[in-house]
Q: 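Take a look at the following structure, please.
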Amino acid sequence: MEEGDGRMRMALRHFSRGSRFDWRLHKQPVALLTIILLISYLLGIITGQPDKPRTVNYIAEMGMFPLVIMFTILMFQHEIGGGGMEIISTYPISLRLIALRKWLNVVLLSVLASLLWMMVYLFKYGEIHTYMYPWNGAEAVFRAASMPELLIQVLPAYLLLASLTLAGIIVFRSIYGGLIAGFVLWILDTISGGSLLSSFTLYTAYLPQEASFPVNRWVLLLASVLLLAIALWLIGYRERWIGREEE
């Protein structure tokens, strides 16, 4: 029992120490581009006309989706982009716990970025008006939405993109694999106006009239969990990382 408690405490210490390292985002090359993109959204809100509010879905979905992908790249760029996994995989630590920690930090970053633009939007316009989809499957209603309501509505799509990008990184053992996986899905769904994924589109704005919003969101959630599980399972095979340099 004491041995198990000791391992748990050690794992928690590694988790906490690793999280502090993960948040040193200013040291990552992609960080500047990500910050510039987020600031451009905020400036777009601030410079909008009071009688013509910026379209909420444009920021909450089309704007935030690429940020979620870039947040995921940020979290893994040091280990994967810098070739650090060959060394880390030789340490007596859980690679799966590292990946889970980084995925959770991506979700936290995405939530914080969402809350930031929402607060700026509220400061500028006073209210956030957009189409809100009831979770009982009723028709969408254009109304004022609270920050938690809107965040919960779009969060399943964020989780899917984070999990898909993570899976791409792990499967291809490359940052570019994650970039391609995440951005290809986002771009194809965007330029097709949601018709490619149809009832399972990332966008609530593109959801077909006959589609069920709750089913759409639950499918996205289940897909994100499945992709995360695959990524966590695969990253645990240390020989994939140790043998990479020899290849």
Side-chain angles (χ1 to χ4, degrees), residues 1-31 34 66-113 155-186 220-247:
M1 180 68 71
E2 291 182 1
E3 184 179 351
D5 291 341
R7 290 177 179 174
M8 179 64 70
R9 286 194 295 268
M10 182 175 294
L12 289 174
R13 281 198 298 269
H14 282 307
F15 193 94
S16 177
R17 190 181 304 118
S19 291
R20 290 196 296 269
F21 180 80
D22 290 341
W23 283 83
R24 296 175 184 175
L25 302 177
H26 63 283
K27 296 186 176 183
Q28 304 300 334
V30 181
T34 307
L67 277 182
V68 174
I69 297 169
M70 294 168 73
F71 287 153
T72 311
I73 298 301
L74 269 175
M75 283 294 164
F76 285 88
Q77 192 168 20
H78 176 76
E79 289 81 3
I80 306 294
M85 283 300 294
E86 290 89 350
I87 299 174
I88 295 174
S89 58
T90 63
Y91 295 163
I93 56 177
S94 172
L95 299 182
R96 294 187 174 102
L97 189 60
I98 290 175
L100 177 60
R101 182 193 76 218
K102 289 179 178 291
W103 184 86
L104 290 173
N105 282 329
V106 170
V107 175
L108 180 56
L109 260 177
S110 303
V111 169
L112 291 176
L155 190 58
Y158 295 175
L159 298 181
L160 176 61
L161 285 171
S163 295
L164 177 61
T165 306
L166 170 61
I169 291 172
I170 302 305
V171 168
F172 296 102
R173 296 177 293 173
S174 167
I175 289 295
Y176 298 108
L179 275 173
I180 292 172
F183 274 106
V184 163
L185 179 65
W186 170 64
L220 296 187
L221 281 172
L222 290 174
S224 67
V225 171
L226 178 60
L227 287 168
L228 177 61
I230 292 173
L232 294 181
W233 168 74
L234 193 57
I235 196 175
Y237 287 89
R238 297 175 183 270
E239 61 272 13
R240 297 183 71 246
W241 308 103
I242 296 174
R244 186 184 179 193
E245 190 170 351
E246 297 177 358
E247 295 173 5

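Please read these numbers as outputs of a predicted model, since none were measured by experiment.
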Q: Under the side-chain contact (heavy atoms from CB on, under 4.5 Å) rule, what do L160 and L227 come out as? Steps first, then yes or no, please.
A: CA-CA 8 Å; L160 176 61; L227 287 168; 3.7 Å; yes

Q: Given 3.5 Å as the limit, does a donor-acceptor pair link the side chain of T165 with the main chain of A162, or not?
A: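 Side chain of T165 to backbone of A162: no pair is present.
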
Q: Tell me every residue that passes side-chain hydrogen bond (donor to acceptor under 3.5 Å, both in side chains) with S110, counting only those two or more places apart in sequence or in another chain.
A: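 In terms of side-chain hydrogen bond (donor to acceptor under 3.5 Å, both in side chains), with neighbours along the sequence ignored, S110 is linked to no residue.
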
Q: Contact between I169 and I73 at the side-chain level, heavy atoms closer than 4.5 Å - yes or no?
A: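 A side-chain contact exists here, since the closest heavy-atom pair is under 4.5 Å.
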
Q: Suppose we screen for side-chain hydrogen bond (donor to acceptor under 3.5 Å, both in side chains). Which residues come up paired with W103, at least two apart in sequence or across chains?
A: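 Checked W103 against side-chain hydrogen bond (donor to acceptor under 3.5 Å, both in side chains); matches are S163.
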
Q: Measure the CG-OG1 distance between N105 and T72 for me, rounded to the nearest 0.5 Å.
A: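 Reported value, rounded in 0.5 Å steps: 11.0 Å.
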
Q: Run the side-chain contact (heavy atoms from CB on, under 4.5 Å) test against A181 and tell me which residues pass, sequence neighbours left out.
A: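 Once residues adjacent in sequence are excluded, the partners of A181 under the side-chain contact (heavy atoms from CB on, under 4.5 Å) criterion are L164.
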
Q: Can you tell me how far apart CD1 (I98) and CD1 (I235) are? Round to the nearest 0.5 Å.
A: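 Output value for this atom pair is 7.0 Å.
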
Q: Taking only residues at least two apart or on different chains, which pairs with a member in residues 225-237 satisfy side chain to side chain donor-acceptor pair (under 3.5 Å)?
A: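 Listed by first then second residue: W233-Y237.
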
Q: Compare every heavy atom of P66 with every heavy atom of F183, then report the nearest pair and how far apart it is.
A: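 F183 and P66 have their closest heavy atoms at CE2-CB, 3.8 Å.
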
Q: Do you know the tightest heavy-atom contact between A167 and A231?
A: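 Closest heavy-atom pair between A167 and A231: CA-CB, 4.0 Å.
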
Q: Residues in side-chain contact (heavy atoms from CB on, under 4.5 Å) with L67, at least two apart?
A: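 Partners of L67 under the side-chain contact (heavy atoms from CB on, under 4.5 Å) test: T34, L37, L38, Y41, M64, F71.
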
Q: With a 4.5 Å heavy-atom cut-off, do L185 and L161 have their side chains touching?
A: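 Heavy-atom side-chain distance check passes, below 4.5 Å.
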
Q: One pair to check against side-chain contact (heavy atoms from CB on, under 4.5 Å): L166 and L228. What are the steps and the verdict?
A: CA-CA 7 Å; L166 170 61; L228 177 61; 3.6 Å; yes

Q: Within this structure, what is the CG-NZ distance for the pair L74 and K102, rounded to the nearest 0.5 Å?
A: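 Spacing of CG (L74) from NZ (K102) equals 10.0 Å.
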
Q: Decide side-chain contact (heavy atoms from CB on, under 4.5 Å) for L108 and L112; before the verdict, give the C-alpha distance in whole Å, the side-chain angles of both, and the deciding distance to 0.1 Å.
A: CA-CA 6 Å; L108 180 56; L112 291 176; 4.2 Å; yes

Q: Sequence neighbours excluded, which residues qualify as side-chain contact (heavy atoms from CB on, under 4.5 Å) partners of V184?
A: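 For V184, the residues satisfying side-chain contact (heavy atoms from CB on, under 4.5 Å) (neighbours in sequence not counted) are I180, L188.
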
Q: Do the non-hydrogen side-chain atoms of M75 and L109 ever get within less than 4.5 Å of each other?
A: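 Of all side-chain heavy-atom pairs linking L109 with M75, at least one is under 4.5 Å.
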
